[in-house]
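The next block holds one structure in the form of structure tokens; read it before the comments.
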Protein chains: 4
Amino acid sequence: MRLKDEQKIDLFFASTLTLVGQVGLVGLTMPLIAKQSGVAIGTLYIYFKNKDDLIHALYKEVKKRFGATIFIGFSPELPVEEGFRVIWENSLRYTVSNFPEQLFLQQFIASPYKREDQAMAVARPVMAPLAQLLERGQRQGLLKPDTECLIPSLLFGFVQQIAAHIHHTPARLTKTFMDTSFRFLWDAIRG
Amino acid sequence: MRLKDEQKIDLFFASTLTLVGQVGLVGLTMPLIAKQSGVAIGTLYIYFKNKDDLIHALYKEVKKRFGATIFIGFSPELPVEEGFRVIWENSLRYTVSNFPEQLFLQQFIASPYKREDQAMAVARPVMAPLAQLLERGQRQGLLKPDTECLIPSLLFGFVQQIAAHIHHTPARLTKTFMDTSFRFLWDAIRG
Amino acid sequence: MRLKDEQKIDLFFASTLTLVGQVGLVGLTMPLIAKQSGVAIGTLYIYFKNKDDLIHALYKEVKKRFGATIFIGFSPELPVEEGFRVIWENSLRYTVSNFPEQLFLQQFIASPYKREDQAMAVARPVMAPLAQLLERGQRQGLLKPDTECLIPSLLFGFVQQIAAHIHHTPARLTKTFMDTSFRFLWDAIRG
Amino acid sequence: MRLKDEQKIDLFFASTLTLVGQVGLVGLTMPLIAKQSGVAIGTLYIYFKNKDDLIHALYKEVKKRFGATIFIGFSPELPVEEGFRVIWENSLRYTVSNFPEQLFLQQFIASPYKREDQAMAVARPVMAPLAQLLERGQRQGLLKPDTECLIPSLLFGFVQQIAAHIHHTPARLTKTFMDTSFRFLWDAIRG
DNA sequence: TATGAATGAGCATTCATTCAT
DNA sequence: CATGAATGAATGCTCATTCAT
């Protein structure tokens, strides 16, 4: 008996993200995922109950990966500005080099797959370190007060647009680029 | 084409946007559009060659509407900061109160419907006044230099995230909200 | 526009019964029904919401037809024995010449299609004249007392087996055959 | 074949009959049989070449069991009426307490599994004692003449309907019930 | 033997599109 | 113009069967 292969799930995730990058959630079909993965359709249904299940599992995974990445090298001891710079650079680097994941998140959120319930609950805890950083910065008077979630909105909106821009043009994500864009961000949010 | 027809096209556009708000591009079908519009399916095919055609026409229309709205009250004579404030408030107001259009744009761009060719060409000319404002601001040293399209990225990314946030929470778009958020924007981009 | 054709439903019913006669409920598929009917698969779904719906509609129809047939020429004024003879001959003739309907009923009842609820409710009222005949016969002492539904069990079980027998052998349903078999029935149930 | 294997086959037969009672032949699948039996799917294919094979083996088995049961306590020396009574009570008891087997037979006969050839051949020899009893009864003038297989039709049709009735109602198979029903049977067929 | 992952044909169903009315 | 019945390709999914372990 072949053993159920955990790697296969990663393969399916990768195939799905590739396809989302090519045809969007709109064009995503189980036959396509199977073909892209080099397995028979039936195999997909060994690892996932149905398409919905696959998509939700991928959503969780992508959220997790993003959360795991953007805080690399970050520590609550870092000065506020440094903390933001680390998160900024991580976010930018990750989002630019994993553009399909970005697309997937956007498309997912505005699709019939989104169920208000459990799926969204993933977001909160993952972002806790950022929330604490915001709070600390505001306590120290280093950040503008923000009761309306403006700072995260700006941060993630900005990242998203930059990633899209880089993806659609020959532009590359250089050190200068990250410095310059961080200047924009920091000037926007500092107190 | 008679007036009656124009009204019908608007009806189809409105129905489509409503549905995109409910089920996303993923769930959008011709039967649904027909039902939402109160016409028979066949009727849709009198006004549009096919689904692709309908969606592209709507894309053009939405782009046009957005372009027509964000420059209301704007004039090249306005001081740079004032000009930005006008555009900012227009964008924010429009995007918040036409959230399905926002969703449609996002979903469209990453879908099999997007054809590299003509569709994207619409964007450029519509945004010309903004491009000129940016240029003027930079010439006058009022804006940071921006060779990488960072300012539009920040502007539109920020707007998008705010609209999504307001759409998913009980928050409302108050005058204070617009002032505060504009402060973020302006601090980010001013030289 | 073609008009929705009521005859088409009869066509689908006939095709389905033919197929049940050939491959049973087990082998019944929507593609087969479509092919047997000479229409595209999609057409089936214009007339029936789904396979389940089609099968239940057919069940109701078959029940109705059987009920409508077995009382032809019957009247509550008929002497009890005469009444039974009429019903017997009708049942026999109908069941023998519509054997697939018989199969369908049997298979349906013991299938996942059977829903305890509404479908079974059809049976009762249709059989009312028989119930009254039984009661009258017993009141007049012409029939054995029967608190256990034995008479209907014998009547319908006998018919069913005879029909199956005739269907599987070269035997034909002659007048003599009907007389002889009625003798069996009447001797069994008369008081 | 070892004892262990025989037990497993019985297990598979029992599981299959249970499932037929629950979902009919229509809903019977190999995964279900495996799960109901507590083995892996592959195991089924060690004992049976394929689904068809399993079902035919079960058909033979059920026929055999029925044949083995209805003649318990019967002997060609018994007076004709007594003989019938024994067979009647055996049939009734067996059919009522093994209703899924009854369903299986009915469903099988009108399914794509039925192959005209070997399967049906089982029936004849099994019923030989009954055929002899009929012949003896007719020779002695105790039974009506029956060239059309009416007596077996009545016997088995009646049993079937009674079993179904008992299965669908709270009725129980009492001694009185068997006496009363036998009266019906005997009156029908006696000369 | 026993397992269950893998396969792919086949089913139920939907939906973009056509066209007779 | 407007209709909606008809079409059939394509989707999501199941299941009989195989085979590596």
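The structure displayed is predicted, hence computed values, not measured ones. Residue numbers begin at 1 in each chain, while the letters A, B, ... track the order of the sequences.
Side chain to side chain, D:Lys114 and D:Tyr59 fail the donor-acceptor criterion of an N or O pair below 3.5 Å.
When rounded to the nearest whole Å, the span between NZ of D:Lys51 and C1' of F:dC15 equals 8 Å. Rounded to an integer number of Å, the gap from D:Leu25 CG to F:dC15 P is 15 Å. For the pair A:Lys35 NZ and E:dG8 P, the computed distance is 13 Å after rounding to whole Å. Per the geometry, CG belonging to D:Asp53 stands 13 Å off C1' belonging to F:dA16, to the nearest Å. Going from atom CD1 of C:Ile46 over to atom P of E:dC15 covers 14 Å, rounded to whole Å. F:dA16 atom P lies 17 Å from atom OH of A:Tyr45, rounded to whole Å. For the pair A:Lys49 NZ and F:dC15 P, the interatomic distance rounds to 14 Å; values are reported in whole Å. Across the protein-nucleic acid pair, C:Leu28 atom CG and E:dG10 atom C1' stand 15 Å apart, rounded to whole Å.
Mapping B:Ile41 and C:Ala40 onto DNA chain F by nearest heavy atom places B:Ile41 closer to the 5' end of the strand. Ranked by how close their nearest DNA chain F nucleotide is to the 5' end, A:Thr29 and B:Leu44 are led by B:Leu44.
A:His167 places no side-chain N or O within donor-acceptor distance of the main-chain N or O of A:Ala163, the cut-off being under 3.5 Å.
Using bins of under 30°, 30° to 60° and over 60° for the plane-to-plane angle, the ring pair D:His168/D:Phe99 lands in the perpendicular bin.
Note on B:Thr43: a side-chain N or O is less than 4.0 Å away from OP1 or OP2 of F:dT3. For A:Tyr47 and E:dA6, the shortest distance from a side-chain N or O to OP1 or OP2 is below 4.0 Å. At E:dA2, one or more side-chain N or O atoms of D:Lys8 fall inside 4.0 Å of OP1 or OP2 (strictly under the cut-off).
Judged by Watson-Crick or G-U wobble contacts below 3.5 Å, the nucleotide E:dA20 has F:dT3 as its partner.
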